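Input: a single structure, listed below in structure tokens.
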Amino acid sequence: MFKRMLIANRGEIAVRILRACRELDIDPVVVYSQADKDSLAVQLAEHSWCIGPARAQDSYLNQDALLTVAKATGCEAVHPGYGFLSENADFADACAREDLVFVGPSGDVMRAMGNKAAARELMQQAGVPVVPGSEGGVATAAEAARVADAIGYPVLIKAAAGGGGRGMRRVFDPAQLEQLFEEARAEARACFGDDEMYLEKLVLNPRHIEFQIIADTQGNIVHLGERDCSVQRRSQKMVEESPSHALDQDLRQRMAVSAVAAARAAGYVNAGTIEFVLDPSGAYYFIEMNTRIQVEHPVTEMVSGIDLVREQIRIAQGLPLSVTQEQVELRGHAIECRINAEDPARGFAPSPGHVGLVHMPSGCGVRTDSLLYSGCELSPYYDSLAAKVIVHAPTRLQAIRRMRRALEEFTVQGPATTVDVLHQIMYHPQFVRGSYNTSFLDQNLDELLAWSSYGKEA
Ligand code: ADP
Ligand code: ADP
Ligand code: MG
């Protein structure tokens with residue numbers, strides 16, 4: 001096993017990776033920006049190194065600084081977490097050049113899947129259904145209009161380099177296509193430094209269903225079932241669960257076969273996620289592959305009993321998967337709620353600052369992955385994810401009840417958070433029935449907000 005590993009990330013995922021390292025007897029090296037000098041990861045680490053100022057460009061995205069620390073501290077491997085450099089093919093290549101094992105797929109595989117327009121073509125060739133859309137990218141608004149006329153409105157304009165729900169626009173009215181195309185392109189350029197755009201048919205009221213796969217260097221690929229991530233605001237996930245209420249055994253099996261075929265076609269190695277949209281008729285379409293550990297990975301860990309970060313590190317070491325497909329047993333039901341330091345009443349605006357008392361829920365079947373501690377500071381420089389509450393129970397209804405009580409216990413003084421809205425979601429009839437889709441949150445937000453503030457005014 002590796003002796004020492006660099007954790008090239010921050011926040012709750014840095015803590016998550018640190019824990020996996022310790023359990024494997026790997027010495028973790030934590031890096032931090034000046035804004036994160038008192039972070040939980042730094043406090044838990046024996047070795048921590050400052051890599052620059054708060055701005056991500058100057059710290060967590062500074063490849064030279066990361067590689068310098070990795071080499072200077074004698075690391076053999078680098079875990080990129082999610083976000084930041086985790087899907088940066090050049091960084092994976094740079095690690096390889098420095099003789100550091102990048103815990104993830106190769107740069108070439110990342111490049112192939114990282115361009116979402118190109119990934120669609122690869123998936124089509126592999127027989128994986130994709131949403132009707134453009135063949136490759138569309139260079140101009142005029143070309144987008146031609147494709148949209150051919151596939152029919154409504155359409156979704158997407159950025160080939162997209163992520164985090166950015167660089168996307170829905171178009172219902174042909175008269176608005178040009179303006180929305182230019183808007184999406186400007187956002188893509190600003191967020192990703194890449195303005196290649198493509199087009200998909202907009203699937204109405206879909207569920208977001210994704211499959212977790214793990215693949216080793218010996219060519220074994222195993223799937224660990226699905227996650228339903230349809231509770232989204234601004235195309236970003238807020239609640240995830242496994243299994244999905246929308247799949248029967250037959251559909252689950254067909255989607256799993258597609259997910260494994262997708263990973264095989266990509267030549268994929270390490271942990272990855274194949275994302276699909278499922279339309280109300282039961283047709284499903286590949287939308288993208290995430291070539292990294294995902295925020296919501298604990299949901300799968302709870303139902304499968306498999307530690308995905310441990311698995312990632314073992315794979316990077318060249319070891320075979322610790323399970324065969326036949327040995328995978330998915331048990332019970334798991335739900336994750338993402339606690340963001342955001343104010344839902346102000347359009348989910350970030351709410352950084354000083355945190356007073358923190359109390360994290362625990363007890364039977366409850367897990368919290370978090371960066372919070374009493375007295376910590378939430379930096380305005382980074383993503384607003386502060387904690388994830390994950391519950392596991394024998395049935396879906398028991399899991400929902402467990403999540404309600406866990407969220408009731410969750411205390412964080414200071415910043416506004418999404419806790420109360422999440423709590424209300426756990427009572428909403430559509431959620432409880434399991435009959436929600438990706439429009440659920442937008443359609444019900446006013447009602448959820450009204451209920452979550454009920455009795456709290458003056
Ligand atoms: P996942 O599919 O792993 O749940 P998301 O799609 O929610 O991930 O986010 C993907 C990545 O984008 C994450 O690494 C996250 O840090 C980042 N991200 C999430 N929300 C935002 C945002 N509002 N702006 C920029 N990046 C974001
Ligand atoms: P990102 O890289 O930002 O995660 P995705 O391609 O995964 O982008 O899309 C983000 C979300 O947008 C999905 O989870 C889904 O809810 C919605 N979405 C994406 N493609 C479509 C589509 N063709 N039709 C309907 N909804 C879609
Ligand atoms: Mg996605």
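Worth knowing before you read on, the calculation uses all heavy atoms, side chains too, and leaves out hydrogens, waters and symmetry mates. Heads up: numbering here begins at 1 and tracks the sequence. Ligands are counted one by one from 1 in listed order, and the atoms in each one are counted from 1 as well. Source: prediction; values computed, not measured.
- Counting only heavy atoms from C-beta outward, the side chains of Leu199 and Leu156 never approach each other to under 4.5 Å.
- Ring geometry, Phe84 versus Tyr60: the interplanar angle falls from 30° to 60°, so the pair is classed tilted.
- Annotation for ligand 2: atoms under 4.0 Å from non-hydrogen atoms of Met168 are 9 (O), 12 (O).
- Close contacts between ligand 2 and Lys201 involve ligand atoms 22 (C), 23 (N), 24 (N) [criterion: under 4.0 Å to a heavy atom].
- An N or O contact shorter than 3.5 Å is missing between Thr438 and ligand 2 by distance.
- The shortest side-chain heavy-atom distance between Val295 and Ile13 does not fall under the 4.5 Å cut-off.
- By the 4.0 Å heavy-atom criterion, Gln236 is excluded from the residues contacting ligand 2.
- Between Arg254 and Tyr284 the shortest side-chain heavy-atom distance falls below 4.5 Å.
- For residues 129-154, the set of pairs meeting the salt bridge (charged side-chain N to carboxylate O under 4.0 Å, His left out) definition, not counting sequence neighbours, is empty.
- Taking a cut-off of under 4.0 Å to the non-hydrogen atoms of Glu200, the atoms of ligand 2 that pass are 20 (N), 21 (C), 22 (C), 23 (N).
- Atoms of ligand 2 found under 4.0 Å from any heavy atom of Gly163 (numbered from 1 in listed order, with element): 1 (P), 2 (O), 3 (O).
- Atom NE2 of His392 is separated from atom OG of Ser242 by 9.0 Å, given to the nearest 0.5 angstrom.
- Note on ring orientation: taking the six-membered ring where Trp is involved, the planes of Tyr436 and Phe431 are parallel (angle under 30°, cut-offs 30° and 60°).
- With 3.5 Å as the limit, one finds a donor-acceptor pair spanning the side chains of Thr300 and Arg227.
- Between Pro206 and ligand 2, no pair of N/O atoms sits closer than 3.5 Å.
- The nearest N/O/S atom of Glu275 to the Mg ion (ligand 3) is OE1.
- Near Gly165, the atoms of ligand 2 lying under 4.0 angstrom from a non-hydrogen atom of the residue are 1 (P), 3 (O).
- Residue nearest to atom 25 (C) of ligand 2, selected from Val130, Val203, Leu156: Val203 (by heavy-atom distance).
- By the side-chain contact (heavy atoms from CB on, under 4.5 Å) test, Ala117 pairs with Asn115, Ala160, Glu196, Tyr198, sequence neighbours left out.
- Taking every non-hydrogen atom of Leu202 and a distance limit under 4.0 Å, the qualifying atoms of ligand 2 come out as 24 (N), 25 (C).
- What you find for Leu177 and Ala148 is that their closest heavy atoms are CD1-CB, 4.2 Å.
- Glu210 lies apart from the Mg ion (ligand 3) in this respect, since none of its N, O or S atoms is found at a distance under 2.8 Å.
- Taking a cut-off of under 4.0 Å to the non-hydrogen atoms of Ile287, the atoms of ligand 2 that pass are 7 (O), 13 (C), 19 (C), 20 (N).
- Atom OE2 is the N/O/S atom of Glu288 found closest to the Mg ion (ligand 3).
- Ligand 2 places these atoms under 4.0 Å from at least one heavy atom of Gly162: 2 (O).
- Considering both main-chain and side-chain atoms, Gly164 comes within under 3.5 Å of ligand 2 through a nitrogen or oxygen pair.
- A donor-acceptor contact closer than 3.5 angstrom links the side chains of Glu311 and Ser322.
- Under the 4.0 angstrom criterion for non-hydrogen atoms, Lys237 is not in contact with ligand 2.
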